[in-house]
Amino acid sequence: MRSIVFSALLLVLASFQTVNYKLTTQEFEDKLKTTADGQIVDVRTPEEFKKNHLKGAMNLNINGEEFQRQVAALDKNKTVLVYCWSGGRSSRAAEYMRQQGLTVFEMKDGMMRWLQENRSVEASVAPSAGMSMEEYSKLIVKDKLVLVDFNAVWCAPCKKMSPYLDEFSKTYAKQLNVVKIDSEKHATVVKGNAVAAVPTLILYKNGQEIWRNEGFIEKEKVEEVLKKNF
């Protein structure tokens, strides 16, 4: 009798287990393969979409005037698989879509990591490679520390960090160079430095990487790292 009750309890608990809707790039790729009728949605700008996108994806620009109307036109009986450049916009889009009654899985790390891992994409126009690794190497080989900030114009954490990075550039001008790089315009150095998310900070000393941080980080923590290496 106890075993029956215990088994029933396990079934009840299992029914309350939450589904993981935020997927890694590998999980997202697996989901694409097992969801034959999935609606693949790229919520970046049309310009970004032309550079690279997943096969079969439709472009619903989250910042476009037609976004809500386009979401309303999606089939609520079919799963939605959504992505953007690094996960921020797709997260907002997924939240809105779920409010509209859609089942949505999102790629939490976005196309930036997808490309870093050399996964398959389609493109309408050839993307600009931007700065070369040779040019990048000249930026980081200095007689003082070099702090490189890989960012994106739409990235909220990047915008939050930008003022204190500008402040460091002035306060520690004799000891530090701050270099800001738009991750969407400089594909070569993004890939060459294995940058797979924004913001990413990389600190160099004598041309050698000595510290790296992926994601938002408070001013005080970065300043502490700098002072230890001046």
Side-chain angles (χ1 to χ4, degrees), residues 18-35 38-64 67-68 70-71 74 79-100 102-123 127 130 148-162 165 180-187 189-191 193-202 212-218:
T18 57
V19 177
N20 177 27
Y21 291 105
K22 287 181 178 285
L23 309 179
T24 64
T25 47
Q26 183 60 62
E27 290 169 340
F28 197 84
E29 186 171 40
D30 293 341
K31 194 70 177 178
L32 289 172
K33 293 175 181 178
T34 57
T35 311
Q39 302 171 104
I40 309 169
V41 177
D42 184 321
V43 296
R44 298 176 297 166
T45 65
E47 292 74 23
E48 291 175 276
F49 184 80
K50 288 178 181 178
K51 291 178 183 178
N52 50 63
H53 55 266
L54 302 188
K55 183 178 181 180
M58 62 184 87
N59 185 206
L60 278 61
N61 179 8
I62 190 172
N63 295 319
F67 180 70
Q68 292 185 4
Q70 292 170 327
V71 169
L74 293 173
T79 299
V80 175
L81 298 106
V82 63
Y83 67 91
C84 65
W85 180 240
S86 69
R89 286 173 289 180
S90 60
S91 182
R92 288 192 288 117
E95 182 178 357
Y96 174 76
M97 291 176 182
R98 291 182 188 119
Q99 291 172 357
Q100 310 312 306
L102 291 155
T103 299
V104 186
F105 291 88
E106 57 189 281
M107 179 162 49
K108 65 179 181 180
D109 294 322
M111 284 293 284
M112 192 174 187
R113 191 175 296 278
W114 185 278
L115 293 170
Q116 186 66 48
E117 295 171 353
N118 294 311
R119 298 181 189 274
S120 178
V121 297
E122 293 188 342
V148 181
D149 166 34
F150 286 92
N151 57 71
V153 294
W154 46 262
C155 168
C158 300
K159 292 178 182 178
K160 191 173 181 180
M161 290 164 57
S162 185
L165 293 176
K180 294 186 177 184
I181 295 179
D182 187 328
S183 63
E184 293 182 310
K185 294 181 178 178
H186 301 285
V189 295
V190 165
K191 189 171 183 62
N193 287 284
V195 174
V198 289
T200 291
L201 297 180
I202 305 179
R212 176 184 293 231
N213 183 82
E214 183 178 294
F216 178 79
I217 182 171
E218 296 288 351

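What you see is a predicted model; the values in this text were computed from it and never measured.
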Which atom names give the shortest non-hydrogen contact between [X] and [Y], and what distance separates them?
| X | Y | value |
| --- | --- | --- |
| V153 | K159 | O-CE, 2.8 Å |
| R113 | A197 | NH2-CB, 4.3 Å |
| V82 | A94 | CG1-CB, 4.0 Å |
| C158 | V198 | SG-CB, 4.1 Å |
| P46 | N61 | CD-ND2, 3.9 Å |

So, taking the atom named [atom1] in [X] and the one named [atom2] in [Y], what distance separates them when rounded to the nearest 0.5 Å?
| X | Y | atom1 | atom2 | answer |
| --- | --- | --- | --- | --- |
| D149 | S183 | CG | OG | 9.5 Å |
| Q68 | Q70 | CD | CD | 10.5 Å |
| N59 | H53 | CG | NE2 | 9.0 Å |
| E117 | M112 | CD | CE | 12.0 Å |
| S91 | K22 | OG | NZ | 3.0 Å |
| Q39 | T103 | CD | OG1 | 10.0 Å |

Are any side-chain N or O atoms of [X] and backbone N or O atoms of [Y], one a donor and one an acceptor, separated by less than 3.5 Å?
| X | Y | answer |
| --- | --- | --- |
| R89 | V43 | no |
| D42 | R44 | yes |
| W114 | W85 | no |
| Y83 | F28 | no |

Practice prompt. Quick one: sort the Y21 and F105 rings into parallel, tilted or perpendicular, breaks at 30° and 60°.
Written response: tilted

Worksheet item: Would you call the rings of Y96 and F67 parallel, tilted or perpendicular, where under 30° means parallel and over 60° means perpendicular?
Response: tilted

Practice prompt. Go through the steps for R92 and N63 under the test side-chain contact (heavy atoms from CB on, under 4.5 Å), then give the verdict.
Written response: CA-CA 11 Å; R92 288 192 288 117; N63 295 319; 4.1 Å; yes

Worksheet item: Do E27 and K108 sit within salt-bridge range, that is, some charged N less than 4.0 Å from a carboxylate O?
Response: no

Within the structure provided, determine whether [X] and [Y] are in side-chain contact (heavy-atom separation under 4.5 Å).
| X | Y | answer |
| --- | --- | --- |
| M111 | L54 | yes |
| L201 | L165 | yes |
| R98 | E106 | yes |
| Q116 | T25 | no |
| C84 | E48 | no |
| M97 | V41 | yes |
| F150 | V189 | yes |

Item to complete: Check each of I181, T200, V148 against V195 using the side-chain contact (heavy atoms from CB on, under 4.5 Å) test, and report the only one that passes.
Response: T200

Discussion item. Could you check whether atom NZ of K180 has more than 12 heavy atoms from other residues, nucleotides or ligands sitting under 6.0 Å from it?
Written reply: yes

Worksheet entry | Polar contact flag, side-chain donor to acceptor under 3.5 angstrom, T45-W154 | no

Worksheet item: Stepwise, does the side-chain contact (heavy atoms from CB on, under 4.5 Å) test hold for L74 with Q100?
Response: CA-CA 10 Å; L74 293 173; Q100 310 312 306; over 6 Å; no

